[in-house]
There are 2 protein chains.
Amino acid sequence: MGQRDTGTEQLIKDTAKRIFFSEGKLHATTQDIADAAGVNRTLLNYYFRSRDILFEQVATEARAEMSAVMDTVFSAKLEFKEKLEQLITVFMDQAMKFPYREMYVVTELNRGDKVVPEEKKIRVKAFLKEISAEMEKGKIKKMDPRQFCMNLFALMAYPLITNCLNKSIYNVNDAEYLKLMKDRKKLIFEMIYQ
Amino acid sequence: MGQRDTGTEQLIKDTAKRIFFSEGKLHATTQDIADAAGVNRTLLNYYFRSRDILFEQVATEARAEMSAVMDTVFSAKLEFKEKLEQLITVFMDQAMKFPYREMYVVTELNRGDKVVPEEKKIRVKAFLKEISAEMEKGKIKKMDPRQFCMNLFALMAYPLITNCLNKSIYNVNDAEYLKLMKDRKKLIFEMIYQ
DNA sequence: TTGTCGTTTAACAAAAATGTTAAACATAAT
DNA sequence: ATTATGTTTAACATTTTTGTTAAACGACAA
């Protein structure tokens with residue numbers, strides 16, 4: 001029995017993710033993706049049956065990837081401070097590769113009336129508790145731990161999404177921008193942890 | 001000569017903006033917009049000639065609106081502290097009305113290879129200088145003033161964009177979410193200004 | 001009232017995007 | 001070499017989205 005697996009299915013998904021998550025071309029068509037992958041568009045239907053299925057699969061995997069990355073950090077047996085440092089490193093590296101990934105998930109949610117699956121909340125809840133504990137210790141400023149979380153992810157993700165605007169407004173080139181983003185890792189940590 | 005102006009042109013633009021900027025339906029078609037506005041789709045072509053022209057006009061006006069709001073604050077004759085408070089109030093109110101406005105601009109930029117117009121940078125530059133001055137005074141933590149700006153706008157804009165995700169992750173309803181967002185105004189100020 | 005002119009509509013046309021089919025191709029097993 | 005089976009392609013069909021046209025409508029002025 002010939003189980004050939006030429007890797008085309010994966011290539012298509014990876015290309016779609018690159019276009020959506022890295023290049024931020026949220027309006028890309030199946031033809032755009034096929035062209036970028038260097039394959040016949042029919043293959044998208046062959047492997048995924050329909051555009052909607054492909055797009056949703058991409059969105060589902062995006063959510064899973066984000067969760068996976070976060071969960072490795074969340075469940076690590078580390079002191080809060082170290083955990084936070086690692087979270088920033090890991091998340092920022094991801095966000096620099098795929099700045100628009102969350103945006104894709106959000107816009108796909110706004111498109112239909114899909115509901116985000118009721119998973120992982122447990123991990124988040126545990127992390128929120130760790131944050132509260134750290135506030136009690138006076139290590140971080142007291143506030144609603146959810147606000148702390150939102151602050152953290154906002155500081156990491158947003159500047160990368162608005163890349164093109166920032167470059168224009170602040171007059172920075174690609175290299176300089178990359179440096180600014182790298183510096184942010186340390187900066188963010190110092191900002192939210194005293 | 002009959003200059004009637006039934007307000008339809010404005011209605012169409014306002015509806016498009018609502019769908020794009022408030023509801024975050026970045027994939028909306030001309031038909032979607034016409035339906036939402038309760039007008040015949042032909043009118044979109046009558047008033048704007050083509051979809052692309054309408055969409056670009058919406059994007060252009062979005063940039064102008066954002067600039068206008070910011071400029072009123074930037075050019076206000078206020079002490080830095082008061083200016084900052086006002087900026088947060090004004091921007092957050094806007095962001096709560098149109099959470100996806102910047103996203104629309106960004107995705108429209110990513111779509112083609114448009115360049116963002118070389119305007120307003122002067123105002124921003126002046127504001128960056130004010131920030132530097134305030135750092136010298138020890139009022140805010142020393143850092144690249146561009147980082148300070150990015151922090152500020154990230155903290156304000158991001159949680160609203162990821163609304164649907166946050167509600168799910170943090171298990172909050174609409175009312176609670178609204179309160180969290182309102183509280184952020186004060187919280188953000190206290191976070192970046194000592 | 002009648003004609004003018006901006007507005008709106010429905011019907012039609014064109015273009016763009018997606019989906020389907022059958023056949024060609026390639027590789028591994030027989 | 002032949003067969004079986006998964007892969008790829010081109011041609012075609014369908015659906016969706018966008019654009020055009022001519023006619024209907026409605027307020028206003030002459």
Side-chain angles (χ1 to χ4, degrees), chain A residues 1-21 23-61 100 104 107-114, chain B residues 1-21 23-61 100 104 107-114:
Chain A
M1 220 208 303
Q3 283 239 60
R4 239 172 298 165
D5 184 13
T6 52
T8 306
E9 183 172 359
Q10 195 57 46
L11 170 67
I12 291 169
K13 271 199 291 196
D14 289 343
T15 306
K17 287 174 183 176
R18 197 189 73 222
I19 290 179
F20 289 137
F21 305 163
E23 299 175 16
K25 304 203 171 172
L26 269 36
H27 296 283
T29 65
T30 54
Q31 187 67 64
D32 292 333
I33 295 166
D35 289 348
V39 302
N40 191 291
R41 184 179 56 81
T42 313
L43 288 180
L44 274 67
N45 289 297
Y46 175 69
Y47 285 111
F48 303 96
R49 189 131 67 247
S50 77
R51 185 203 70 156
D52 285 354
I53 294 174
L54 168 60
F55 282 24
E56 193 184 313
Q57 192 165 325
V58 166
T60 302
E61 289 187 18
Y100 301 98
Y104 182 80
T107 53
E108 285 299 310
L109 283 178
N110 286 340
R111 223 170 165 167
D113 16 47
K114 289 274 164 51
Chain B
M1 224 206 303
Q3 283 239 58
R4 238 172 299 164
D5 184 13
T6 52
T8 305
E9 182 171 1
Q10 196 56 45
L11 170 68
I12 291 169
K13 271 199 292 196
D14 289 344
T15 306
K17 287 174 183 177
R18 198 189 74 222
I19 290 179
F20 289 137
F21 305 162
E23 299 176 16
K25 305 204 171 173
L26 268 37
H27 297 283
T29 66
T30 53
Q31 187 68 64
D32 293 332
I33 295 166
D35 289 348
V39 302
N40 190 293
R41 184 179 56 81
T42 314
L43 288 181
L44 273 67
N45 289 298
Y46 175 69
Y47 285 112
F48 302 97
R49 190 130 67 246
S50 78
R51 185 202 70 155
D52 285 354
I53 294 174
L54 168 61
F55 282 24
E56 193 185 312
Q57 192 165 327
V58 166
T60 302
E61 289 187 18
Y100 301 99
Y104 182 81
T107 54
E108 285 299 311
L109 283 178
N110 286 341
R111 221 170 166 167
D113 16 48
K114 289 274 164 53

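Worth knowing before you read on, the calculation uses all heavy atoms, side chains too, and leaves out hydrogens, waters and symmetry mates. Treat the numbers as computed from the prediction; the structure is a model and nothing was measured. Letters A, B, ... are given to chains in the order of the sequence lines, protein chains preceding strands, and every chain is numbered from 1.
- Side-chain contact between K13(A) and F48(A) is present, with heavy atoms from C-beta onward closer than 4.5 Å.
- Scanning for ring-ring contact (aromatic ring centres under 6.0 Å, His included) contacts around Y104(B) gives F20(B), F21(B), with sequence neighbours left out.
- Counting to the nearest Å, the P atom of dG19(C) and the OH atom of Y47(A) are 17 Å from each other.
- To the nearest angstrom, P of dT7(D) lies 7 Å from CG of D5(A).
- Per the geometry, CG belonging to L43(B) stands 13 Å off C1' belonging to dC25(D), to the nearest Å.
- For the atom pair I33(B) CD1 and R18(B) CZ, the distance stands at 10.5 Å (nearest 0.5 Å).
- One can place CD of E9(B) at 10 Å from P of dT8(C), the figure rounded to the nearest angstrom.
- Looking at D52(B) and S50(B), their side chains never bring a donor and an acceptor atom within 3.5 Å of each other.
- A donor-acceptor pair shorter than 3.5 Å can be found between the side chains of T29(A) and D32(A).
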So if I define the base as every atom that isn't primed, P, OP1 or OP2, how would nucleotides 10-24 of chain D read as a B/S/- string at a heavy-atom cutoff under 4.0 Å? B------SBBBB---

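- The shortest distance between side-chain heavy atoms of N110(B) and L26(A) does not fall below 4.5 Å.
- The phosphate of dT8(C) has OP1 or OP2 within less than 4.0 Å of a side-chain N or O from T6(B).
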